[in-house]
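In what follows, every chain begins at residue 1, and chains take the letters A, B, ... in the order their sequences are listed.
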Protein chains: 2
Amino acid sequence: MNIEINFQTHVPIYIQIMDQIKHKIAANEIAPGDQLPTVRQMAADLRVNFNTIARAYRLMDEDGIISTQHGRGTFILDQPTGKEAEKLRRQDLERLTHHYLIEAHKLGHSPEEVKDIFLETLDLWEKNGAPSLPDDKK
Amino acid sequence: MNIEINFQTHVPIYIQIMDQIKHKIAANEIAPGDQLPTVRQMAADLRVNFNTIARAYRLMDEDGIISTQHGRGTFILDQPTGKEAEKLRRQDLERLTHHYLIEAHKLGHSPEEVKDIFLETLDLWEKNGAPSLPDDKK
DNA sequence: TATACAATCATACAAAGATACAATCATACA
DNA sequence: TGTATGATTGTATCTTTGTATGATTGTATA
């Protein structure tokens with residue numbers, strides 16, 4: 001499932017799980033009908049208590065994003081389309097941006113420094129058609 | 001854990017705790033990955049309020065010495081050597097930037113779109129002194 | 001004295017874990 | 001088929017652990 005938990009940030013584990021699953025849905029990495037790992041399986045992968053996974057699943061279930069079924073498993077539901085989907089994509093981008101800046105800030109970088117490398121890397125994207133790493137020759 | 005508090009001296013308890021833990025780390029009496037006593041456990045040992053322990057832990061957490069995790073406990077972190085950390089800072093920022101753009105790209109956003117929201121969020125950082133989310137009411 | 005501030009404490013809360021339980025499934029077998 | 005049984009999956013509840021907020025205490029200083 002390829003979810004990664006950062007135990008040092010003080011963002012709750014269940015929030016991190018929800019964010020990453022929502023992102024995977026928005027990015028079409030997982031599709032409606034797909035089964036998520038069982039609470040115990042994902043808990044073992046992430047080395048976390050399975051109640052923490054169950055909590056993330058329950059909240060997403062209440063939001064109508066997934067369907068958890070006692071004794072059966074949990075599955076991705078049909079996602080909103082059109083305008084709603086567009087809004088979700090936008091929100092996810094905002095979240096990604098915020099997360100990016102938070103991490104850069106924690107590393108001690110200044111806004112100017114971040115802006116420089118961002119624009120440089122964005123430039124490569126526009127030139128190459130896809131994001132790529134700047135050459136590290138210096 | 002063998003920490004001793006001198007209630008006579010006017011050195012704050014939380015400072016005494018931090019000093020002694022830092023010393024134990026420097027002296028290799030405790031190593032990265034080791035779990036520290038819970039705030040309540042150490043508070044009972046030292047006959048002190050657990051918030052005082054929590055304060056010492058929080059400050060060391062902010063300094064990157066330990067990792068306090070809600071509901072899990074607190075653990076000794078790898079101690080950055082300074083030189084290595086400095087070298088990795090730039091590289092980390094590049095990696096973060098690349099990851100950010102990759103994920104935004106997966107969401108189907110265009111470079112222009114990403115640039116807009118990035119600059120907007122960066123602006124908030126410069127204004128507020130720390131990264132924050134743009135208000136989503138519109 | 002009075003005021004301000006830092007250190008500590010008291011209380012209520014939130015996140016995560018441990019344990020026991022209930023629903024469903026898979027299999028064997030009458 | 002129908003049912004018994006064990007495995008698998010999610011759920012409920014309580015405990016443990018750190019967090020947030022405000023009150024209390026002691027001390028320096030105007």
Listed nucleotide nearest any side-chain atom of A/R72, set D/dT11, D/dT19, C/dC25: C/dC25
Closest listed nucleotide, where the reference is the side chain of B/R55 and the choices are C/dA16, D/dT11, C/dT8: C/dT8
Nearest-nucleotide 5' precedence on DNA chain D, A/P37 against B/H10: A/P37
Closest-nucleotide 5' rank along DNA chain C - winner of B/R47 and A/I13: B/R47
Close side-chain approach of A/I102 to A/H99, heavy-atom, < 4.5 Å: no
From D/dT19, C/dA20, C/dA16, nucleotide with atom closest to A/R40 side chain: C/dA20
N or O in side chain of A/N49 less than 4.0 angstrom from C/dA18 OP1/OP2: yes
Pair partner, C/dA6 [Watson-Crick or wobble, under 3.5 Å]: D/dT25
Atom-to-atom span, CG of A/D61 to P of D/dT9 - whole angstrom: 18 Å
Min side-chain heavy-atom separation A/K87-A/R90 under 4.5 Å: no
A/Q69 versus A/S67, side-chain donor and acceptor atoms under 3.5 Å: yes
Residue A/Y14, side-chain heavy atoms: nucleotide from C/dA20, C/dA15, C/dA7 that is nearest: C/dA15
Side chain proximity check, A/N2 to A/Q20, heavy atoms < 4.5 angstrom: no
Watson-Crick or G-U wobble mate for C/dT27, both contacts under 3.5 Å: D/dA4
Complementary nucleotide of D/dT16, counting Watson-Crick and G-U pairs under 3.5 Å: C/dA15
Nucleotide nearest A/F50 (side chain, heavy atoms from C-beta), chosen from C/dT19, D/dT19, C/dG17: C/dT19
Nucleotide of D/dA20, D/dG18, C/dA20 approaching B/T38 most closely (side-chain heavy atoms): D/dG18
Aromatic stack B/H70/C/dA16: centroid gap under 5.5 Å, interplanar angle under 30°: no
Flag side-chain contact, heavy atom, 4.5 Å: B/R72 against A/V48: yes
Upstream residue (5' side of DNA chain C) when A/F7 and A/Q69 are each assigned their closest nucleotide: A/F7
